[in-house]
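Predicted model only: the values in this text are computed from it and were never measured. Residue numbers run from 1 in the order of the sequence given. One-based numbering, in listed order, for ligands and for the atoms of each.
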Amino acid sequence: EKSGYEHYMLKEIFEQPEAIRNAIRGRLDHDRGTAILSGLNLTARELVDLHRLLIVGCGTSMNAGLVGEYAVEDFAGMLAEVEQAAEFRYRNPIVNSRDIVLAISQSGETADTLAAVREAKDKGALVAGLVNVVGSTIARETGRGIYLHAGPEISVASTKAFTCQVSVLLMVALKLARSRRFSREEGMKMAREIEQVPELVEQVLGQNDAIAKVAESFVNYRSMFYIGRGYMYPVALEGALKIKEISYIHAEGYNAAELKHGPIALLDEEMPVVALLNDGPGKDKTMGNVAESKARSAPVLGVITTGDEEARAACDWVIEIPASPQYTATITATVALQLFSYHVARLKGCEIDQPRNLAKSVTVE
Ligand code: F6R
């Protein structure tokens, strides 16, 4: 069943190039420079009239949603927001028929996300699902949506679901962008960049041994910070979530700008910082945060673009990811951090596929 892998998690990490290929197959229209997402079942008129995209989910699915929020605002210039599903459900949210609520759930059974779906429907919003498990409750109740096609995810820690969710959300952003301000050429360029993702992920998987080596230095730390800006902020959140759930090392994901507004007080030689330093807007500022961290003796692991000697020199350890626009680097950088978490947990002798206190699908509120 594990096809020779020691754990389902590792198997699923390595399945990602294929899983993402399946998630994007048939959905990119390169000639017209757009995405085909027929399950959304929106007419051209409805698409143009949409006022806002509201994304709801929990845990890893919520983190993927944050990448979606950034991409939709960035490319389509349309209002987008992500919200933790239970918070959305219980704070009397303002939604109406020109809003589309997109519920993201790997299992399609998460109670909080399902409750948010019902609330949004009651309030008259359009509701769609981004779900992996076919025929699951959220898929059925939303009635419209996009299946992930990631294949079964057995490890409790979500990996390929996240990268497939982000891939689909980027296609949602592309489609919305083409219904608004994107030219055909811009759409074609974005479609090509999304198409390249599986190959870029393969390059990251090729770093597995190097990442395992870096992980050796982390088994004795008790707490860590993950920092990133812009598109790399959701990656910091997801990186921190993954390390805490499988290796039981306390970790916090922060946007790098917030570091100096409090958490910097915690930095010392016992508190490593994982900094997302790959090329793109915000990198130089995050380099500044790395210098501040080093000045407080915090060891730094950088996720850097291959060949970036300046970033390498600023860090104690690095993991390299291939050059790509930041919005697709959300996927490659996350894969690098999945491998990092996996190896730290393995070296610590943790259960990995069945972390304590966690269930694969959380069907109670
Ligand atoms: C983290 C993890 C959880 C789930 C969350 C939502 O690795 O697995 O945070 O992402 O419970 O689950 P779904 O996506 O099934 O709704």
Side-chain angles (χ1 to χ4, degrees), residues 7-13 15-16 19 23 55-68 82-89 101-118 120 127-142 145-169 226 234-249 251-253 331 334-335 337-342 344-345 350-365:
H7 298 96
Y8 281 110
M9 183 180 180
L10 191 63
K11 172 174 180 268
E12 288 161 10
I13 289 172
E15 278 171 355
Q16 288 177 111
I55 301 168
V56 294
C58 303
T60 287
S61 293
M62 173 177 63
N63 292 340
L66 188 55
V67 179
V82 65
E83 193 160 359
Q84 207 281 342
E87 287 300 312
F88 171 85
R89 162 72 183 80
V101 174
L102 181 65
I104 307 185
S105 176
Q106 188 287 127
S107 62
E109 303 295 344
T110 300
D112 286 326
T113 311
L114 178 59
V117 164
R118 291 177 177 160
V127 182
L130 174 45
V131 170
N132 194 34
V133 178
V134 175
S136 56
T137 311
I138 293 172
R140 281 187 280 112
E141 291 210 11
T142 47
I146 311 162
Y147 276 120
L148 217 50
H149 301 311
E153 191 179 66
I154 292 165
S155 159
V156 166
S158 185
T159 54
K160 62 178 179 173
F162 176 90
T163 51
C164 289
Q165 286 161 348
V166 171
S167 301
V168 170
L169 287 163
Y226 283 67
V235 175
L237 295 177
E238 177 57 13
L241 176 58
K242 215 89 305 176
I243 196 103
K244 70 187 129 194
E245 66 179 328
I246 62 167
S247 78
Y248 312 137
I249 296 175
E252 299 205 36
I331 296 174
T334 298
V335 173
L337 294 179
Q338 291 167 353
L339 283 172
F340 173 70
S341 300
Y342 172 81
V344 173
C350 300
E351 302 86 336
I352 298 194
D353 282 337
Q354 285 292 336
R356 67 185 181 212
N357 309 340
L358 290 175
K360 183 66 185 159
S361 80
V362 183
T363 52
V364 289
E365 285 190 36

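- Each of the atoms 10 (O), 13 (P), 14 (O) of ligand 1 lies under 4.0 Å from some heavy atom of Ser61.
- Regarding atom 11 (O) of ligand 1, its nearest protein heavy-atom neighbour is Val362 CG2, 4.1 Å.
- When each atom of ligand 1 is checked for a heavy atom of Gly59 under 4.0 Å away, the hits are 9 (O).
- Within the model, atoms OH of Tyr8 and OG1 of Thr159 stand 13.5 Å from one another, a figure rounded to the nearest 0.5 Å.
- Atoms of ligand 1 found under 4.0 Å from any heavy atom of Ala157 (numbered from 1 in listed order, with element): 7 (O).
- Ligand 1 is approached by Val156 to a heavy-atom distance shorter than 4.0 Å.
- Between the side chain of Gln16 and the main chain of Ile13, a donor-acceptor pair closer than 3.5 Å is present.
- Salt-bridge formation is not detected for the pair Lys160/Glu153: no Lys NZ or Arg NE/NH1/NH2 atom is positioned less than 4.0 Å from an Asp or Glu carboxylate oxygen.
- The distance from the CD1 atom of Ile352 to the CG atom of Leu10 is 8.5 Å, given to the nearest 0.5 Å.
- Only the side chain of Lys242 comes within 4.0 Å of ligand 1, counting heavy atoms alone; its backbone N, CA, C and O stay farther away.
- Applying the 4.0 Å criterion to heavy atoms of Ser105 picks out, from ligand 1, the atoms 13 (P), 14 (O), 15 (O), 16 (O).
- For the atom pair CG of Leu241 and OH of Tyr226, the computed distance is 10.0 Å after rounding to the nearest 0.5 Å.
- Atom OG1 of residue Thr60 and atom CD of residue Gln165 lie 8.0 Å apart, to the nearest 0.5 angstrom.
- Among Val133, Val131, Ile104, Asn132, the single residue meeting the side chain to side chain contact (heavy atoms under 4.5 Å, CB included) criterion with Leu148 is Asn132.
- Nearest non-hydrogen protein atom to atom 4 (C) of ligand 1 is Thr60 N, 4.1 Å.
- Side chain to side chain, Glu109 and Thr137 meet the donor-acceptor criterion of an N or O pair below 3.5 Å.
- For ligand 1 and Glu245, the ligand atoms under 4.0 Å from any heavy atom of the residue are 1 (C), 7 (O).
- Taking every non-hydrogen atom of Ser158 and a distance limit under 4.0 Å, the qualifying atoms of ligand 1 come out as 7 (O), 8 (O).
- Here is the list of ligand 1 atoms found below 4.0 Å of a heavy atom in Gln106: 13 (P), 14 (O), 15 (O), 16 (O).
- Here Ser155 contributes atom OG and Gln354 contributes atom CD; the two are 8.5 Å apart, rounded to the nearest 0.5 Å.
- Counting heavy atoms only, Cys58 comes closest to atom 6 (C) of ligand 1 of the residues Ala85, Ala103, Cys58.
- Nearest protein heavy-atom contact of atom 12 (O) of ligand 1 is Thr110 OG1, 3.5 Å.
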